[in-house]
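Atoms considered below: every heavy atom in the structure, side chains included; atoms not considered: hydrogens, waters and symmetry mates. Each ligand, and each atom within it, is numbered from 1 in the order the structure gives. Quick caveat: nothing in here was measured; it's all calculated off a predicted structure.
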Amino acid sequence: MNQSLAERSHKHIWQPFTQMALVDEPIPMVSGNGATLTDIDGNVWIDGISSWWTCSHGHAHPHIAKRVSEQIHTLEHVIFAGFTHKPAIELAERLLPVLPGEMKRMFFSDNGSTAVEVGMKMCFQYWFNIDQKRTTLLAFHDSYHGDTFGAMSAADRSAFSEPFHPFLFDVTFLPYPICEKTLNEGLKIINEIKSPIAGIIYEPLIQGAGGMKMCKPQQLDTILQHVKQLGGICIADEVMVGFGRTETLFASDQLEVKPDIICLSKGLTGGTMALGATCCAQFIYDAFLSQDKLKTFFHGHSFTGNPVACSAACASLDLLLDPETLQKRTHIMNMHNAFQSKLKSYPIAKNIRQSGTIIAFEVGDGASYFATLRDQIWEHFKSRHIILRPLGNTIYILPPFCITDQQLETIYSAILEFLESL
Ligand SMILES: Cc1ncc(COP(=O)(O)O)c(C=O)c1O
């Protein structure tokens, strides 16, 4: 075959979030190591966004690879209804106690979107099973919960979802409480709702794809407290912020109001394998226990609880809970903090913000995913072999915890260079 990998890919593969008519051939990657990836021409790239926020411990981590390899040679898959296995049990036994709130049951699925679907279905069926008519779901503007229909319904209506608007279910949207004004607007909207509230779905502390918008714990708590008082179920979508991205293990750890349901993926396996998990409090689970078979949670996927993915998650948990990882996360936070002071001397860098190991800012006023500057920013980092895929004119760094000081400094310098070039 004479064609290059890039050509073959471009000829046969339809890539995500990509206008195929407008892009060049993709860059074939051949290997990964720590915070770097090596392309087919031998160029070493720094992964500044953990490959879509997944690989928290870096690429091809030997500890995760070893457990995955052992598992795949032992039991690669088994139907998960009526059967179970050690990796899933170990994961549930170890993860549930470290989750925020009183999480008692873990339900597996395949990715972040399905973890969210499961969370919302648990919430709606909870009310159905206890014979209460509550169907109003609250969600936030600028939120993103995935690309399946339920997840799209709960996310902000945008140009991305426009072709599907006629098919999405209704949700009551509140502004994300990033200031007093939006907080009060949100409270007002809740007070005006006439129908009983089923629940609220939220990205705790940071709205990722919506532009790395950050809110203070107290402000989100005020909204959640209000929803709780009205009997609503709190569904935390920690798909992006979970597993040590913020200052705490889970973003909800910084909130007074703990979730009743929590949706997890991405960092769950340290980015090694696709896996989703939705965990819930005892009272949610209890509502599904009945002699009536129709109260069963009729949901499942072919690969539910895949043993290899669960093994990857157990290995990733070993690394996450290792005190050395906490030190690394703290070190990144301190480095980001110091970088903030440098960034502040560039007036074009607006709304500089940080939460844990994530730092973000806008280039110029306002934030727009379709900002024309976006391609210029991306080309700048690409030409330096840095993966820092901006969200419109929002630049952010979300590195693997194993990133070295030198790699982080290279990213910082490339950012400052870009700002100087404007
Ligand atoms: C907060 C949040 N929820 C859900 C998802 C969907 O996850 P997935 O892409 O694995 O379906 C994402 C993905 O970016 C996310 O950031």
Side-chain angles (χ1 to χ4, degrees), residues 15-18 47-56 99-100 107-123 137-156 158 160-161 164 168 171 173 176 199-215 220 234-246 250-252 255 259 261-279 299 301 303-304 306 309 312-313 316 355-358 360 369 387 389-392 394 396-398:
Q15 299 204 277
F17 290 109
T18 303
D47 190 350
I49 56 163
S50 304
S51 279
W52 263 340
W53 323 336
T54 58
C55 55
S56 15
L99 291 174
F107 190 97
F108 290 103
S109 64
D110 298 342
N111 53 56
S113 305
T114 53
V116 164
E117 295 286 334
V118 168
M120 290 190 297
K121 283 178 77 174
M122 275 180 185
C123 168
L137 184 71
L138 306 180
F140 288 106
H141 283 298
D142 296 321
S143 56
Y144 177 76
H145 297 290
D147 291 332
T148 49
F149 273 88
M152 277 196 295
S153 297
D156 203 0
S158 69
F160 283 37
S161 56
F164 314 108
L168 304 182
V171 163
F173 286 105
Y176 203 52
I200 181 167
I201 180 159
Y202 53 98
E203 292 162 272
L205 304 188
I206 311 174
Q207 290 187 312
M212 294 295 156
K213 294 201 172 66
M214 299 185 189
C215 73
L220 185 54
C234 289
I235 312 169
D237 176 354
E238 293 236 11
V239 167
M240 196 279 279
V241 290
F243 300 98
R245 282 294 168 201
T246 68
F250 295 90
S252 300
L255 296 167
I261 295 174
I262 188 166
C263 311
L264 305 167
S265 187
K266 294 193 186 269
L268 173 59
T269 61
T272 310
M273 316 264 314
L275 182 67
T278 309
C279 307
H299 189 107
H301 302 273
F303 291 102
T304 295
N306 175 263
S316 180
S355 178
T357 59
I358 306 174
Y369 190 86
I387 305 181
R389 206 169 180 272
L391 293 159
T394 304
Y396 69 94
I397 316 175
L398 194 153

Provide, to 0.1 Å, the distance between atom 14 (O) of ligand 1 and the closest protein heavy atom, together with that atom's residue and name. Lys266 NZ, 3.0 Å

Quick note on ligand 1: atoms under 4.0 Å from a heavy atom of Asp237 include exactly 1 (C), 2 (C), 3 (N), 4 (C)

Protein residue, atom and distance nearest to atom 16 (O) of ligand 1, heavy-atom basis: Trp53 CZ3, 3.4 Å

Numbering as shown, the atoms of ligand 1 that approach His145 to under 4.0 Å (heavy-atom distance): 3 (N), 4 (C), 5 (C), 6 (C)

If you count the atoms of ligand 1 from 1 in the order shown, which ones are under 4.0 Å from a heavy atom of Ser113? 6 (C), 7 (O), 8 (P), 11 (O)

For the residue pair Phe164 and Phe149, is the inter-centroid distance of their aromatic rings smaller than 6.0 Å? yes

Region of Glu203 engaging ligand 1 - heavy atom pairs below 4.0 Å: side chain

Dump the intermediate steps for side chain to side chain donor-acceptor pair (under 3.5 Å) on Ser143 and Glu203, then the final yes or no. CA-CA 7 Å; Ser143 56; Glu203 292 162 272; 4.8 Å; no

Go through the steps for Leu255 and Leu205 under the test side chain to side chain contact (heavy atoms under 4.5 Å, CB included), then give the verdict. CA-CA 9 Å; Leu255 296 167; Leu205 304 188; 4.2 Å; yes

Quick one: does ligand 1 sit under 4.0 Å from the side chain of Tyr144, the backbone, both or neither, non-hydrogen atoms only? both

Tell me yes or no: between the side chains of Arg245 and Ser355, is some donor less than 3.5 Å from an acceptor? no

Relative to the heavy atoms of Met240, which atoms of ligand 1 are at a distance of less than 4.0 Å? 16 (O)

Per side-chain contact (heavy atoms from CB on, under 4.5 Å), Phe108 is matched among Thr114, Thr304, Asn306, Leu268 by Thr304

Closest candidate by heavy atom, reference atom 5 (C) of ligand 1, pool Val241, Val239, Leu268, Val116: Val239

Which atoms of ligand 1 sit under 4.0 Å from any heavy atom of Gly112? 6 (C), 7 (O), 8 (P), 10 (O), 11 (O)

Using ring centroids (six-membered ring only for Trp), state whether Tyr176 and Phe140 fall under 6.0 Å. yes

Describe, in one word, how the ring planes of Phe173 and His141 are oriented to each other, choosing from parallel (under 30°), tilted (30 to 60°) and perpendicular (over 60°). parallel

